[in-house]
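Below: one structure, written as structure tokens.
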Amino acid sequence: MTVALACREFEPSTGLAVRHLLEQSTDQFQAWFAEAGGPLYRAAQVRRWLFQRGASGFDEMTDLPKALRSRLADEFHIWTSRVVECRRSDDQTQKLLLELADGQRIECVLLRDDRRHCTVCISTQVGCAMGCVFCASGLEGVVRNLTTGEILEEILQLRRLLAESERLSHVVVMGMGEPLANLDRLLPALDLASSPAGLGISARRITISTVGLPAAIRRLAAQDCQYHLAVSLHAPDDELRNRLVPTNRKIGIEAILAAADDYFTATGRRVTYEYVLLDALNDHAEHARRLAAILKGRPALVNLIPYNPVAGLPYGTPTPEATARFVAILRQTGLTVQVRYRKGDRIEAACGQLRRSLAGC
Ligand code: SAH
């Protein structure tokens with residue numbers, strides 16, 4: 001709760017004079033058309049061009065009158081970010097470093113599977129206030145929340161990288177920042193991502209990963225949406241979690257699990273618990289046993305993530321034996337467990353790493 005309130009200081013101020021088209025709600029955009037004297041269906045036409053037909057400029061919207069196109073171009077930006085860096089790894093993962101209108105930089109990633117389905121991983125804040133000790137995103141704290149338009153723009157920038165034969169099928173909100181500390185901007189963006197008039201990605205294929213903010217989890221549950229919730233647990237008890245995820249001191253695991261249970265009750269969607277395995281810190285057999293004990297009886301999925309080392313931080317990847325032992329103990333208790341080997345390690349695709357490695361470029 002304290003965390004969510006603290007983020008009010010980080011209201012976006014993007015320094016844009018011309019309006020950002022992706023920032024306009026349907027009502028606002030229609031009001032602009034009403035004022036401009038155009039028929040209202042034009043608003044939906046522009047949206048279709050942007051979200052479904054992949055237009056990257058008003059001049060491509062050829063069934064709009066020329067005068068309207070030029071007025072739109074005078075009054076709205078479609079793109080407010082600039083691609084500073086685009087990296088591609090051997091597994092075809094691509095990572096973009098985007099510079100926003102106010103000079104701030106964020107990262108977002110495109111992941112590919114072998115069925116030509118693509119997942120975009122997006123950020124919700126510049127930096128992060130949660131302070132997880134092993135994560136690169138929060139090393140310099142949080143600068144500001146992203147706006148709804150900036151969040152949507154990440155998805156559209158990544159979609160431009162797709163080949164004709166590829167399809168954008170999933171969104172994971174697992175980039176920089178704490179999504180539930182910026183819910184007011186994230187929800188309208190995901191609404192558009194999931195609506196048939198927008199990107200048409202099924203809400204069930206959209207995952208929101210959170211450090212675990214109970215009030216915000218309940219707010220999300222009350223939205224009557226089908227987003228998949230992933231909670232970053234990383235430890236089976238408060239003593240260890242307080243050390244790894246300092247924001248836990250104000251919250252506690254029990255309150256998080258209770259909120260996640262409520263999310264399942266409200267949505268019927270099984271919650272995923274993410275657990276970053278850190279060498280010799282939280283990867284012992286005893287940790288696995290205690291994790292199994294606290295998740296017992298819960299309809300949970302466990303996602304184990306072997307740590308992806310961050311330059312300058314004293315944490316290591318667990319040994320394959322430790323990982324295998326951890327998995328086996330959890331599975332013995334009947335839990336569904338996945339090991340997520342991070343894609344794109346060599347392009348510094350883990351949260352916040354590229355931004356740091358290119359700071360000042
Ligand atoms: N604030 C959200 C999103 C963070 S990024 C959250 O806490 O869930 C998504 C996941 O990647 C989180 O579980 C985060 O703890 C984890 N993560 C961060 N840095 C990592 C690293 N270097 N290696 C492996 N996982 C990492």
Side-chain angles (χ1 to χ4, degrees), residues 3-4 6-7 10 95 106-109 111 119-142 145-146 151 154 171-183 186 206-214 216-217 220 227-235 240-241 243-248 251 253 256 259-260 263 271-279 281-283 291 301-318 323 338-357:
V3 175
C7 280
F10 307 116
K95 177 161 207 172
I106 54 164
E107 299 174 14
C108 50
V109 183
L111 303 117
T119 297
V120 293
C121 174
I122 54 170
S123 296
T124 51
Q125 298 183 309
V126 179
C128 184
M130 300 301 113
C132 302
V133 294
F134 52 83
C135 177
S137 296
L139 288 176
E140 278 111 40
V142 65
N145 284 322
L146 296 186
I151 295 169
E154 290 178 75
V171 175
V172 295
V173 189
M174 291 190 182
M176 291 167 55
E178 170 47 45
L180 295 195
N182 190 17
L183 211 44
L186 176 63
I206 296 179
T207 301
I208 303 175
S209 174
T210 177
V211 74
L213 306 179
I217 291 175
L220 191 62
Y227 301 131
H228 179 188
L229 183 71
V231 173
S232 295
L233 213 49
H234 309 328
L240 181 56
R241 194 168 195 268
R243 281 194 277 141
L244 301 178
V245 182
T247 198
N248 189 62
I251 304 169
I253 291 178
I256 296 171
Y263 191 83
V271 173
T272 292
Y273 291 93
E274 294 172 279
Y275 193 105
V276 171
L277 285 168
L278 301 155
D279 180 42
L281 252 182
N282 66 354
D283 65 345
L291 180 63
L301 274 167
V302 179
N303 209 336
L304 297 175
I305 316 165
Y307 184 59
N308 186 11
V310 172
L313 293 184
Y315 305 101
T317 310
T323 305
Q338 268 175 1
V339 184
R340 192 172 85 211
Y341 291 98
R342 296 182 81 91
K343 292 190 166 191
D345 291 4
R346 264 174 285 147
I347 53 169
E348 293 173 279
C351 318
Q353 296 193 48
L354 182 59
R355 173 169 168 263
R356 277 174 58 75
S357 73

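All ligand and atom numbering here is 1-based and tracks the order in the structure. Just so it is clear, the model here is predicted, and its values are computed rather than measured.
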If only atom types and distance count, is the side chain of N282 paired as donor or acceptor with the main-chain N or O of V276 below 3.5 Å?
-> yes
Is it true that a side-chain atom of S123 and a backbone atom of M176 form a donor plus acceptor pair closer than 3.5 Å?
-> yes
Quick one: does [X]'s side chain get under 4.5 Å of [Y]'s, heavy atoms only?
X: P309; Y: T317; result: yes
X: L220; Y: I217; result: no
X: T119; Y: M174; result: no
X: I256; Y: N248; result: yes
X: I251; Y: L213; result: yes
X: V126; Y: L146; result: yes

Examine R340 against ligand 1 and note whether any of their N/O atoms are separated by less than 3.5 Å.
->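 No.
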Ligand 1 and Y307, any nitrogen or oxygen pair closer than 3.5 angstrom?
->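 No, no N or O pair falls under 3.5 Å.
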Quick one: do E178 and T210 satisfy side chain to side chain donor-acceptor pair (under 3.5 Å)? Show the steps, please.
-> CA-CA 6 Å; E178 170 47 45; T210 177; 2.7 Å; yes
Between E274 and ligand 1, which part of the residue brings a heavy atom under 4.0 Å of the ligand: side chain, backbone, both or neither?
-> side chain
Mind checking whether N308 contacts ligand 1 via backbone (N, CA, C, O), side chain (CB onward), both or neither, at a 4.0 Å heavy-atom cut-off?
->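 The answer is both, backbone and side chain.
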Give the atom numbers and elements of ligand 1 that come within less than 4.0 Å of a heavy atom of [X].
X: M174; value: 5 (S), 9 (C)
X: V310; value: 22 (N)
X: S232; value: 6 (C), 7 (O), 8 (O), 12 (C), 13 (O)
X: V211; value: 6 (C), 7 (O), 8 (O)
X: C135; value: 18 (C), 19 (N)

Out of S123, G175, C121, A230, indicate the one that has the non-hydrogen atom closest to atom 4 (C) of ligand 1.
->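 Closest candidate by heavy-atom distance is G175.
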Please verify whether a non-hydrogen atom of [X] lies at under 4.0 Å from ligand 1.
X: M130; answer: no
X: G177; answer: yes
X: M176; answer: no

